[in-house]
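To keep things clear, I will list the structure first and then write my remarks on it.
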Amino acid sequence: MKRSFRAVLLEALNRNAENYPNLVVLNADSARALSLTKFTATYPDRMYGMGISEADMLSTAAGMAATGLIPVVVGFSMFVSEKPFEQIRQSIAYPNLNVKIIATHSGLCVGQDGATHQALEDIAIMRMLPNFKVFVSADVTETKSIVDAMMKYDGPAYLRLGRDMAEDIYFEDKVSIPGGADVLLDGKDVTIAACGMMVEPALKAARALEEEGISAAVLNVYSIKPMNDKLLLEYASKTSAIVTAEDHMKAGGLGGAVAELIGQDHPVPIRRVGVNDRFGESGSQEELYLKYGLTAERIMEEARIAISAKRQIVS
Amino acid sequence: MTRNIVELEQKAKQLRRDVIEMVFSAQSGHIGGSLSMMDVLVALFYGEMDYDSQNPNRSDRDRFVLSKGHTSPGLYSVLADVGYFPREELMTSFRCIGGMLQGHPAMNKTPGVEMTSGSLGIGLSAANGMALGNRHQNIGSRIYCMLGDGEINEGQIWEAAATAAQYKLDTVTAFIDMNGLQNDASTKQVKDMLDVRAKWEAFGWKTFDINGHDFTEIFKAIDEAKQTKGQPSAILCRTVKGKGVSFMENVVEFHGKTPSKEEYLLALEELS
């Protein structure tokens with residue numbers, strides 16, 4: 001079943017607002033777009049509309065955190081990561097302040113708004129920042145569990161969501177932790193490490209590969225930083241071939257993080273599915289994913305290449 | 001706390017000496033803007049603000065945010081003198097590896113530094129955030145923020161100016177250190193912000209235009225800002241860059257130049 005990230009964001013914020021009296025939410029003229037007007041109605045004194053001033057918003061959140069509030073900044077990914085990146089670095093990451101950023105509308109799945117709104121670099125830049133934890137959510141249940149996890153520790157975090165509707169991956173008892181990753185399918189020939197909107201195509205690819213006699217493991221690497229190195233190395237060792245998949249540039253995101261780890265600690269063939277060093281465009285999510293190669297078919301293709309590369313190394 | 005002007009003037013002179021000494025000792029740092037803002041800092045830390053250097057995290061303290069973070073020597077000399085850390089640190093730690101006194105203020109390394117700064121333009125937003133955070137927790141204390149007149153080239157300052165007015169942050173007082181010089185040349189030559197007072201007025205702030213080296217005027221403006229309800233206050237401080245050292249006054253090079261040995265000795269003599 002497909003469910004809406006936006007609806008669950010409201011639920012997650014409401015629930016945590018009850019538990020954490022110091023939680024406040026900041027947005028930059030996007031409360032309506034993010035369906036958060038009901039949060040404003042429930043907690044009128046805890047929703048701060050900052051106008052279209054993202055740089056100001058992020059530094060303001062830092063000041064709030066310095067007095068003990070837990071500011072949750074919500075907005076389109078482009079405008080709460082890339083646009084105010086310097087403010088995030090100087091005002092939040094460096095002083096290690098307890099600001100949570102929840103970024104919606106990331107990647108090509110944004111669709112018709114086009115390249116200006118399709119943040120394809122945010123995982124890369126956010127995971128470069130010391131002190132930050134970086135999460136990517138694959139469905140509504142996971143979103144709730146990650147928001148809960150982010151609230152449980154004192155320090156900055158970035159959560160990346162998709163645009164709106166996402167297929168259910170998880171049941172209600174899903175628990176997320178910093179540094180966690182889930183084995184969704186076990187396998188022995190190749191490991192598909194995916195995050196966010198590409199988890200579902202990864203599962204689809206694994207099932208199709210199964211029919212070809214290829215046993216593919218699927219890992220949902222929802223915590224990009226810290227990453228579950230142990231699990232990835234275990235699967236590198238077990239399957240000796242890795243494919244990553246994400247709605248993000250090939251450079252620097254999940255694929256980059258996994259390649260850095262694998263290249264250093266357990267070199268095996270690794271193939272990355274992502275956007276190849278170019279900007280997106282307007283179109284429906286389905287059209288864009290097809291055109292830019294974010295599909296189960298592409299994952300399968302890369303899996304076969306990885307497996308064949310592994311055989312060449314062995315022989 | 002004292003508002004005895006003779007005492008405060010002596011204190012400012014002593015702290016200006018510390019600025020010269022620490023920059024000379026580190027062979028690096030920004031003197032000009034440290035000296036121009038010094039009297040306002042002395043007025044705040046010795047004659048106005050409610051804080052406890054032995055309990056720096058007291059939640060209802062008044063806070064000072066140095067948005068023009070490169071003038072950290074000015075702030076550090078004050079923080080040491082009021083007891084946040086030993087004065088020796090000024091000479092041994094400033095801009096030194098492993099030291100607690102970073103080139104630009106770092107809140108996690110230096111007690112008394114309320115907000116990390118140095119990249120210009122971000123401090124006023126943070127000050128607003130503190131005022132909002134205090135309001136949310138029913139804390140009535142005040143937030144003071146020091147801006148440079150070159151720094152207000154930054155667009156984020158004006159985003160923050162709008163935020164403070166929108167939220168009626170009357171606990172926020174911003175000082176603009178109007179020394180008239182920035183890194184490359186005079187503020188007029190680099191990017192003339194024209195009528196700065198009119199800009200703050202137009203953004204909804206109560207404004208004051210004072211001599212930033214006159215303690216009577218400084219305290220009068222601070223007190224009036226405190227009485228002002230429903231809007232933030234901006235105090236334009238007419239100052240002299242390099243104030244107190246004749247050959248540094250109004251000299252653009254002393255924005256970030258380290259004095260020679262001769263200049264250093266001469267400066268200390270002038271400030272004795």
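Every chain is numbered from 1, with letters handed out A, B, ... down the list of sequences. All of these numbers come straight from a predicted model, not from anything done at the bench. Values below: every heavy atom of this structure, side chains too, minus hydrogens, waters and symmetry copies.
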So does [X] have more than 12 non-hydrogen atoms from other groups sitting under 6.0 Å from [atom1]?
{"X": "A:Arg278", "atom1": "CZ", "answer": "yes"}
{"X": "B:Lys199", "atom1": "NZ", "answer": "yes"}
{"X": "A:Arg89", "atom1": "CZ", "answer": "no"}
{"X": "B:Lys229", "atom1": "NZ", "answer": "yes"}
{"X": "A:Tyr20", "atom1": "OH", "answer": "yes"}
{"X": "A:Gln264", "atom1": "CD", "answer": "no"}
{"X": "B:Asp195", "atom1": "CG", "answer": "yes"}
{"X": "B:Gln166", "atom1": "CD", "answer": "no"}

If I compare all heavy atoms of [X] with all of [Y], which pair ends up nearest, and what's the gap?
{"X": "B:Ala106", "Y": "A:Tyr94", "value": "CB-OH, 3.3 Å"}
{"X": "A:Ala66", "Y": "B:Met107", "value": "CB-CE, 4.4 Å"}
{"X": "B:Ile122", "Y": "A:Ser91", "value": "CD1-OG, 3.5 Å"}
{"X": "A:Pro95", "Y": "B:Thr116", "value": "CB-OG1, 3.4 Å"}
{"X": "A:Asp45", "Y": "B:His136", "value": "O-ND1, 3.8 Å"}

Quiz question: by atom type and distance under 3.5 Å, do the side chains of A:Ser59 and B:Gln156 form a donor-acceptor pair?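 A pair is found: one side chain offers a donor N or O, the other an acceptor, under 3.5 Å apart.
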
Between B:Ser125 and A:Asp56, a side-chain donor and acceptor under 3.5 Å: yes

Looking at A:Leu26, A:Asn96, A:Asn22, A:Leu58, which makes the most heavy-atom pairs under 4.5 Å with chain B? A:Asn22

Counting heavy-atom pairs under 4.5 Å to chain B, which of A:Met50, A:Met57, A:Gln87 comes out on top? A:Gln87

Please classify the contact of A:Pro71 with chain B as side chain, backbone, both or neither, using a heavy-atom distance under 4.5 Å.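 Neither part; nothing is under 4.5 Å.
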
Measure A:Ala55 against the heavy atoms of chain B and call it side chain, backbone, both or neither at under 4.5 Å.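 Contact with chain B: backbone and side chain both.
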
Do A:Ile52 and B:Glu159 make a side-chain contact, defined as non-hydrogen atoms from C-beta onward lying under 4.5 Å apart? no

Test item: A:Met64 and B:Asn128 side chains (from C-beta on) under 4.5 Å apart, heavy atoms: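 No, too far: nothing below the 4.5 Å cut-off.
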
Given B:Asn134, B:Ile143, B:Leu132, the one that forms side-chain contact (heavy atoms from CB on, under 4.5 Å) with A:Thr67: B:Asn134

Is B:Ala127 close to chain A through its backbone or its side chain, or both, or neither, when contacts mean heavy atoms under 4.5 Å? neither

Can you tell which part of B:Arg63 gets under 4.5 Å to a heavy atom of chain A, answering side chain, backbone, both or neither?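 The side chain, not the backbone.
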
Which one wins on heavy-atom pair count under 4.5 Å against chain A: B:Ala162, B:Gly155, B:Ala131, B:Gly133?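 The answer is B:Gly133.
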
